[in-house]
Every structure is written in C-alpha cells, then in structure tokens.
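Just so we're on the same page: letters track the sequence lines, and every chain starts at 1.
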There are 2 protein chains.
Amino acid sequence: MTPKSTGSRAELRANQTAAIKVVARRLIADQGVADLSLREVSREMGMVSSALYRYFATRDELLTALIFDAYSELGAVVEKAESKIARGDTRARWRAACAAVRKWATSHPHEYALLYGTPVPGYLAPNVTIAAATRVPGVLGRILSDDVELHPRRRLVDKKAAVDVRPFLQVDALTPSMPNVAPEHFVRALMAWTNLFGTVSFELFGHYVGSVTSYRQFFDRVVEELADFAGLA
Amino acid sequence: MTPKSTGSRAELRANQTAAIKVVARRLIADQGVADLSLREVSREMGMVSSALYRYFATRDELLTALIFDAYSELGAVVEKAESKIARGDTRARWRAACAAVRKWATSHPHEYALLYGTPVPGYLAPNVTIAAATRVPGVLGRILSDDVELHPRRRLVDKKAAVDVRPFLQVDALTPSMPNVAPEHFVRALMAWTNLFGTVSFELFGHYVGSVTSYRQFFDRVVEELADFAGLA
DNA sequence: TCACTTTGGAGAGCACTGCTCTCGATTTTG
DNA sequence: CAAAATCGAGAGCAGTGCTCTCCAAAGTGA
C-alpha cells in the first residue's frame, strides 16, 4: 500500500487506527463478534494482516477498543435523549432514557451483544472501559436523584424495602451517582437498571419468543412499571 | 481406536455420543464455549477429529445438544429444589427456586453463559430446546399461580398495572404456565423472571463490579423485592 | 546536511481451527 | 453368505491469530 497523501506521522497513525476500528465495527455489525477476523479487516483495508499488529497488539485489544467505543456511543446517545426533556419531568426523562437504550440496542444488536452478552473469558475491563460503561446507569441514577430532589414526598412506604444495604452494597461508590437517593432505595435503583437491560437482552437474545408479540409495547409497559417500582413521580 | 468391549451398534453409538458430550461439557466448564475445539474433544477421547463428525455433523450441532442438556439440568435442579417446599408456602418456594438458579449459575458459569449469554449468530433454537428452556419460567409461573389459588386476596391495587396485555403478550401461550394468574399480572410475572436472570447475568458478567460487595446478600434482597413485586403472599 | 533511529507495511511461516473426502476394517442385514 | 451400512484413520483444504524477518520511508540530532 502506498503511503497516504500527507500528514504527520502521529496523524497518520491516528487515522489508520480509527480506520481499522471503523472497518471492524462494520464487520461486527454485519456478522457478530464471533466471526470478526483480523485478516478480514486487513483485507478490507488493502493491507496485509501482519501490518495490523502495528496498531493493535492482539485481537482482544482491538475488541477492547471497540467495546469502549460502543459503551461511549450508547452512553452519549442516552445522555442526549434524556437531556432534551425538561429537568422536572423525571418520568419523561426516564422514558426517554429507557427508549434510547432499546433503540440503540435494536439497531446495533451485535454491538449490544458485545457489551451485554457473554464476556470474553478471562477478560477484565480496564478502568477507562468501566467509566464508559457507567454512563447509562449514571443517567438513570441522576433521574432518580432529581426526582427525589424535585418531588419530595414519602417514598417506599413498604417497610420491607427499608433495609440496611451497607452489608452488601458499595454505598460510597453509588452515592455520587444519586446523591439525593437514600441508600435504602439503592436496591430498587439497581433492580430497575438490571431489569431494563435484562428486558432488552431477553428480547434480543430470543428468550421472549412465544411470549411477547409486540416488543415495543411490552417494553413501554415495563418501563412504566420500573418507574413506579423505583418510586418516580 | 479398537472397538469398545461389547454391545449392540446402537448402544455403542449412544455411549460414544454421550461420552463426547461429557468431554465437551468439561472443556466448556474449564475454559468457556469460545475455546471449545472439536479437535481437542477428539484428542481427549483418543480418536481422530474426523471421526467425531460421525456423531455431530458440525460444531454448532454439538453445541445445540449441550445447550439442551444444560437447560434440562438447570430446569431439573430448580424443579427439585422448589418441590421440596410445602406447596402452600409460596414465598419459600419462590426463594428456593431463585436460589437454585443462582447456585447453578455460579457453579456452572460457562454453561450459564452458554444459555443466557450471547447467542450464536443466526442460531435458532429447535423446538425441543425451547421446551427445555421453558422449565424454569414454568416453575416460577406455577408458584405465582399457586399463590393466587391458595392465598386469594386483592392483588396489584395499582390501577396502572391493570393494563390490557393482549396487544403485546401471547396470552394463550402464557396462561397454561400460570392458569390462576390474571393476564393483567403477566407483565409483572415476566419482569420478575427477567429480573432474576438479569441479576444473575449482571453478577456473572461483571456489571455489578464496584457496586455490590456481597452478591449473595444482594441477591436475596432482590428475590424478596421480586416476590413482593409479583404479588406473592 | 547527513548519519542514525524509528516506524510500519510486506511476506513467509507456525500452530491451530472446522470440515471434507477417501479408504478399509468391522458389523449388521436380507 | 453376500451385500450394505457403519465408523475410525488419515490426508488435505481453507481459514484463523500471531511471530518473525526484511526493507523502504519518515523523522531526528549533531
């Protein structure tokens, strides 16, 4: 391959790195992670397979970069969708955030599976990835927290729910995401988050086949139930 | 390989088929599905790789058999655990069923991932597999149904929950699993099922890292919340 | 400016994979 | 007892991730 036009070395390197990720993402979107082959990526880029290793030391390293990008994109999409709603309408924000998750997931099923399906065996996410992965639960937590702040009232009257969560939750780590939410309500917050992604995963991974006829309507209903469950106004 | 001692051809074939699955399961349990190689299976069995194709036409066919077996085992384990509790104590049955799911999942993480992680791209479960996969939700549904039958009382007072589910749920398919549960409550039943597996998946797939310190205690709390949410006595 | 170092693509090669095909030996069947 | 079905062995093909060496181009310091 002849060298690309002009540009400093660092620039060219950044461009190539980005180009590789673009091609790899498209291949994953088309055929899933399992069938992603470095050689196919290199072929599509008109370079030889070994050249690719100048940019990513291993297949897993490329995948890690793609996982990070996908988390970031999903996080940005959800943040943007939610930010368009008036801050006080916490339920509408909740709906918008959940809908954005499902919309991104259904339009990027293979990338969603990359994030929320089976992790690579022995794979441990680097901190930077964890930060990106936290954006969506961060949005959900902020909505709940804002709801507590803006619509104060008695919450979670069921005394069973007022359990001391310190023995099993990392309260210090969760509090910053939802400063106004009382720790007793963290379990329900985590459950709402879990249920949201569980519902999307079950839809995409085929576990609802035979039970659900309209995923869209089922999902919307679930979102309302979750909002109630989490104590939204 | 010299022929195994005695036995009719059909017998030997059944034995070999079973032996292959045993070896493959062990390899998956050790290193996950991604690293399962037919050649390694055949090597461990002392046969040549091509001979394996007399029993399974393709890697996916072997995986399908293993998926079916795993669903069946999980189903049997949960059914057994739940059946030990007095029929009237529906909440204890609920706890037992949920605990059995988590116990099996945490002691068979790779097999759990095979069932509830990323599905093989383009893979469509045969009917027989779907039947096996339905056993656990069947147990959960039966518990809810028995609870309605044995502890009749006003349920789901929140009028929002009394939504007509016919536009988006396959009521006919769901009713047999929980004959006494009113269709308006099917959404919560599906959500409880989803949340149960979502919680287990999030734990095993690492999404709770940093948030949960004692998965066992968190899970137990979630199970109680789900029982309440689904309307159990 | 010019020697020196760094970069990164090309190409060959290794060990591995799923899968196919042919060839016999053995077993079952009519 | 001959014909047919079965099934393991072995060679082989196309593909994989990854390593290594080679070499031209680009950047660097005196």
Side-chain angles (χ1 to χ4, degrees), chain A residues 1-25 27-28 30-67 114 120-123, chain B residues 1-25 27-28 30-67 114 120-123:
Chain A
M1 209 54 188
T2 49
K4 309 278 187 197
S5 50
T6 49
S8 76
R9 207 150 218 183
E11 236 177 284
L12 289 178
R13 185 174 179 81
N15 287 343
Q16 280 284 64
T17 308
I20 291 170
K21 291 201 292 187
V22 168
V23 172
R25 259 196 88 161
L27 291 176
I28 286 182
D30 286 351
Q31 51 192 354
V33 225
D35 290 354
L36 175 72
S37 119
L38 290 192
R39 297 181 106 112
E40 192 175 356
V41 173
S42 65
R43 249 179 271 126
E44 295 235 349
M45 306 212 25
M47 58 192 331
V48 93
S49 75
S50 59
L52 229 151
Y53 287 83
R54 299 287 179 189
Y55 301 93
F56 295 95
T58 173
R59 199 189 106 116
D60 272 15
E61 197 175 299
L62 173 56
L63 282 184
T64 301
L66 294 172
I67 289 172
L114 184 62
V120 179
Y123 172 82
Chain B
M1 211 54 187
T2 49
K4 310 273 187 199
S5 49
T6 49
S8 77
R9 206 152 217 179
E11 234 176 287
L12 290 178
R13 184 174 181 83
N15 288 342
Q16 281 283 63
T17 308
I20 292 170
K21 291 201 292 186
V22 167
V23 172
R25 260 195 86 160
L27 291 176
I28 286 182
D30 286 351
Q31 50 192 354
V33 223
D35 290 354
L36 175 72
S37 119
L38 290 191
R39 295 181 108 112
E40 193 175 356
V41 173
S42 66
R43 251 179 270 125
E44 295 235 351
M45 305 208 31
M47 57 192 333
V48 92
S49 76
S50 60
L52 229 154
Y53 287 83
R54 300 285 178 192
Y55 301 93
F56 296 95
T58 174
R59 199 189 107 116
D60 272 14
E61 197 174 302
L62 173 56
L63 283 183
T64 301
L66 294 173
I67 288 172
L114 184 63
V120 180
Y123 172 82

Distance below 4.0 Å between B/Arg54 side-chain N/O and D/dT6 OP1 or OP2
no

Please state whether the base of D/dT6 and the side chain of B/Arg9 form at least one donor-acceptor pair under 3.5 Å?
yes

Whole-Å distance, A/Asn15 CG to C/dG8 P, equals 12 Å

A/Ile20 CD1 to D/dG17 P, in whole Å, measures 13 Å

Tell me the interatomic distance from B/Met47, atom CE, to D/dG8, atom P, rounded to whole angstroms.
4 Å

To the nearest 0.5 Å, how far apart are CG in B/Leu52 and OG1 in B/Thr17?
9.5 Å

Rounded interatomic separation in angstrom, taking CE from B/Met45 and P from D/dC7:
13 Å

In whole angstroms, how far is the P atom of C/dT27 from the CZ atom of B/Arg13?
17 Å

Got A/Arg54 and A/Gln16 here, is their nearest side-chain heavy-atom distance under 4.5 Å?
no

Could you run down nucleotides 12-20 of chain C 5' to 3' and tag each one B, S or - for protein heavy-atom contact under 4.0 Å?
-B---BBBB

Please collect all side-chain hydrogen bond (donor to acceptor under 3.5 Å, both in side chains) contacts where either partner lies in residues 36-45 of chain B, sequence neighbours excluded, each pair once.
B/Arg26-B/Glu44, B/Gln31-B/Glu40

Would you say the side chain of A/Leu36 lies within less than 4.5 Å of the side chain of A/Leu63, judging by non-hydrogen atoms?
yes

Closest heavy-atom pair and its distance - A/Ile20, A/Phe56
CG2-CE1, 3.7 Å

Return the CZ to CG distance between B/Arg59 and B/Leu62, rounded to the nearest 0.5 Å.
8.5 Å

Heavy atoms of B/Tyr53 and B/Leu38 approach each other most closely as OH-CD1, 3.4 Å

Show the nearest heavy-atom pair for residues A/Met47 and A/Tyr55, with the distance to one decimal.
CE-CE1, 4.4 Å

Taken to the nearest whole Å, CD/B/Gln16 to C1'/D/dG8 is 10 Å

Under 3.5 Å donor-acceptor, B/Arg13 side chain and B/Ser8 backbone
no

Determine to 10° how strongly the helix from C/dT1-D/dA30 to C/dG30-D/dC1 is bent, judged from the axes of its five-pair ends.
10°

